[in-house]
There are 2 protein chains.
Amino acid sequence: MAPRKHIIGGTAPLSVDSRQRRILDELQARGSCTYREFEKLLGVSSMTVRRDVDVLAKRDALIKTLGGAQYSNVPQFLYETALSERIAVNRAEKDIIADSALKLVQPQQTLYLDGSSTCIALARLLAKAQFALTVITNSAIIAMEVGVSPTAKVLCLGGDYDPQSASFVGVLAEEACVKFFVDTAFMSTKAFLPEEGMFESSIAALRIKQLMAQRSAKLVLLVDHSKFGQRSLCRVVAIEAIHTVVTDAKSPRAALEVLRKGGRQVVVAGGSEPEEPKAA
Amino acid sequence: MAPRKHIIGGTAPLSVDSRQRRILDELQARGSCTYREFEKLLGVSSMTVRRDVDVLAKRDALIKTLGGAQYSNVPQFLYETALSERIAVNRAEKDIIADSALKLVQPQQTLYLDGSSTCIALARLLAKAQFALTVITNSAIIAMEVGVSPTAKVLCLGGDYDPQSASFVGVLAEEACVKFFVDTAFMSTKAFLPEEGMFESSIAALRIKQLMAQRSAKLVLLVDHSKFGQRSLCRVVAIEAIHTVVTDAKSPRAALEVLRKGGRQVVVAGGSEPEEPKAA
DNA sequence: TCCCATTATGTTATAATTCTACATGATTTC
DNA sequence: GAAATCATGTAGAATTATAACATAATGGGA
């Protein structure tokens with residue numbers, strides 16, 4: 001991952017990063033560009049340009065067109081962070097989980113959503129659903145996603161910005177937390193053990209989760225199957241604090257059984273319950 | 001040019017117009033589509049779909065991609081608000097103004113940036129400049145933009161989310177304001193009169209501006225020429241509170257003279273100083 | 001009503017592009 | 001200093017796009 005610096009002589013080739021940045025700069029300035037033009041501009045082969053453009057397209061930083069690329073007005077912050085990749089991982093499962101989570105929401109409720117990618121998926125559905133809701137979050141992205149809904153009121157915790165999750169943590173966020181009390185808090189987690197609870201690697205994020213878990217009437221955990229059976233740095237809450245676990249059909253059945261026996265409500269998204277038929 | 005209506009029997013082929021409309025509808029709903037999918041969906045040959053897509057692409061209604069087409073307006077994603085349009089208006093001027101504003105920033109400083117589109121432009125430059133800075137803002141977008149810089153610390157005010165500006169206002173934001181004191185506050189404004197000061201139409205946004213103006217050692221106003229000579233609902237601060245005004249070369253000279261005589265520092269971006277030549 | 005001009009569509013062949021696999025040189029790591 | 005990793009380039013295969021032509025359908029006239 002370390003950037004290569006091969007400064008040889010005469011014309012110093014650009015590093016991968018700066019070359020990709022120049023591609024974006026050029027697109028921003030000109031709107032669109034062909035591969036040929038990029039080859040000349042950057043002094044590399046067609047294949048290298050294509051590979052760069054592929055990387056940037058995967059991050060939605062640009063749009064691939066026929067013989068080249070076109071500027072995308074998706075703001076820069078999204079592709080500079082690892083966030084867009086996190087959103088892309090297991091996207092189908094996350095969407096299905098979010099869909100099931102939506103059914104746990106009633107109009108007029110007050111919700112908390114953390115900054116996880118699964119909650120981002122839920123936020124999109126909430127915005128579409130046009131419920132009258134109050135949504136509290138510490139995620140800048142969720143604030144913006146839900147904010148497009150004219151029927152939802154959005155409140156965001158301030159604080160130190162964490163670029164990894166695009167959310168706010170720290171003293172300011174913690175102070176803001178204690179002013180609220182919500183009906184349902186939706187959270188995801190880095191790792192989850194059915195016998196022990198949910199784990200988090202970032203201490204700052206952990207404290208927000210803990211505070212909001214205490215301040216919610218109902219705590220709903222959204223976890224796709226990849227989270228099961230792992231442990232991480234610190235435990236957020238014990239298993240007893242969790243009211244409902246929403247997961248996908250690929251999760252280990254044994255683990256779900258443990259949860260049910262422990263008294264948790266378990267929702268397997270896309271599993272037994274038939275998906276509602278899409279309104280024709 | 002007359003649309004053909006060949007309603008024969010059984011399966012009624014769509015007219016050209018309604019077929020193209022369906023292509024756009026499908027793209028708006030799904031984001032992107034392949035030619036194959038369109039063929040099946042519309043029951044026509046590959047070539048017909050391609051011709052339709054060509055027509056629509058010429059109108060910028062969609063973007064042609066490799067095996068299909070993509071919706072052009074970056075759908076389903078972030079702000080469907082007026083924000084992206086606000087950013088686009090007078091973009092060149094805003095970039096130039098931001099460039100000049102950047103020169104007023106020293107490493108190690110603490111800055112405040114409001115949620116204006118000019119400040120968003122500045123935020124991008126700050127992130128690129130890789131200064132060691134602390135940036136306070138009430139804009140979700142600026143938090144994310146500056147947040148990509150590994151050298152900058154970003155603090156965001158929380159509060160009620162305003163989708164028009166993608167920024168936070170209200171009681172929570174006001175409470176957070178009073179905890180800070182910054183070296184320089186950069187703000188823009190809806191309207192600006194050189195004899196009177198800056199104006200704002202939203203009361204909630206106004207209060208944040210007022211509070212942060214009081215809490216900055218230096219207040220820098222970023223205004224493109226279109227803001228001059230207008231008045232709006234409420235005055236944010238009197239002209240005396242403003243230390244520096246950064247504007248573009250199209251601003252009325254008389255107004256700038258008034259400002260200079262009143263003791264303001266006036267920076268005309270892209271004026272006397274030569275732009276750095278673009279690397280060929 | 002018939003015929004012709006026009007438009008719309010489908011088919012095929014050809015040209016261009018994109019993707020895949022592999023080979024090479026550079027850089028880092030142990 | 002050697003192995004592993006990464007970045008890049010080359011060439012051929014697969015896919016896709018374009019162009020040219022053929023056919024079918026419509027709309028006006030005569």
Side-chain angles (χ1 to χ4, degrees), chain A residues 1-24 26-27 32-72 79 82 85 88, chain B residues 1-24 26-27 30-72:
Chain A
M1 276 311 138
R4 296 212 294 168
K5 287 152 207 154
H6 42 146
I7 288 94
I8 308 164
T11 54
L14 292 161
S15 76
V16 177
D17 279 357
S18 41
R19 199 180 49 218
Q20 294 181 355
R21 187 165 297 263
R22 279 199 71 182
I23 288 177
L24 291 177
E26 194 67 15
L27 282 181
S32 67
C33 239
T34 67
Y35 289 126
R36 300 267 154 71
E37 290 168 326
F38 280 134
E39 285 171 41
K40 277 196 178 180
L41 186 73
L42 305 169
V44 292
S45 77
S46 150
M47 210 52 227
T48 301
V49 173
R50 281 166 194 281
R51 277 190 272 245
D52 283 340
V53 167
D54 275 358
V55 169
L56 295 168
K58 283 228 172 68
R59 293 190 216 154
D60 285 328
L62 51 76
I63 296 169
K64 289 215 300 184
T65 61
L66 195 45
Q70 185 170 332
Y71 181 67
S72 147
Y79 51 80
E85 284 150 37
Chain B
M1 276 309 140
R4 297 210 294 169
K5 286 155 207 153
H6 42 146
I7 288 96
I8 308 163
T11 53
L14 291 162
S15 77
V16 178
D17 279 357
S18 42
R19 201 178 50 217
Q20 293 182 356
R21 188 168 302 263
R22 278 198 73 182
I23 288 178
L24 289 177
E26 194 67 15
L27 282 180
R30 301 190 23 199
S32 67
C33 240
T34 67
Y35 289 125
R36 298 267 156 71
E37 291 168 327
F38 281 134
E39 286 172 42
K40 278 196 177 178
L41 186 73
L42 305 171
V44 292
S45 78
S46 151
M47 209 53 226
T48 301
V49 173
R50 281 167 193 280
R51 279 190 270 245
D52 282 341
V53 166
D54 275 356
V55 169
L56 295 168
K58 283 225 172 71
R59 285 193 233 148
D60 284 327
L62 51 76
I63 295 168
K64 290 214 298 184
T65 62
L66 185 49
Q70 186 172 335
Y71 189 63
S72 68

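- Annotation: side chain of A:Gln70 is not in contact with side chain of A:Leu27 (no heavy-atom distance under 4.5 Å).
- Between B:Tyr35 and A:Met47, the residue whose closest nucleotide on DNA chain D is further toward the 5' end is A:Met47.
- The CD atom of A:Glu37 sits 13 Å away from the P atom of C:dT17 (whole-angstrom rounding).
- Checking the phosphate oxygens (OP1, OP2) of C:dG10, a side-chain nitrogen or oxygen of B:Thr48 falls inside 4.0 Å.
- Residue B:Arg36 places at least one side-chain N or O under 4.0 Å from the OP1 or OP2 atom of D:dT16.
- The residue among B:Gly68 and B:Arg51 whose nearest nucleotide of DNA chain D lies closer to the 5′ end is B:Gly68.
- The phosphate of C:dT17 (OP1 or OP2) has no side-chain N or O of A:Lys64 nearer than 4.0 angstrom.
- B:Thr34 comes within 4.0 angstrom of no nucleic acid atom, judged by non-hydrogen atoms across all strands.
- One distance of note links OG of A:Ser18 with CG of A:Leu42; it measures 9.5 Å at 0.5 Å rounding.
- Along DNA chain C, the nucleotide nearest A:Thr65 and the nucleotide nearest B:Ser45 are compared for position; the residue whose nucleotide lies closer to the 5' end is B:Ser45.
- When the side-chain nitrogen and oxygen atoms of B:Arg50 are compared with OP1 and OP2 of C:dG10, none of them lie within a distance under 4.0 Å.
- With sequence neighbours excluded, the residues satisfying side-chain contact (heavy atoms from CB on, under 4.5 Å) with B:Thr48 are B:Arg19, B:Val44, B:Ser45, B:Asp52.
- If you take CG of B:Leu42 and P of C:dT9, they are 11 Å apart, rounded to a whole angstrom.
- Sequence neighbours left out, the pairs with a member in residues 31-50 of chain B that pass salt bridge (Lys or Arg N to Asp or Glu O under 4.0 Å) are B:Arg30-B:Glu37.
- Per the geometry, CD belonging to B:Glu39 stands 10 Å off P belonging to C:dT11, to the nearest Å.
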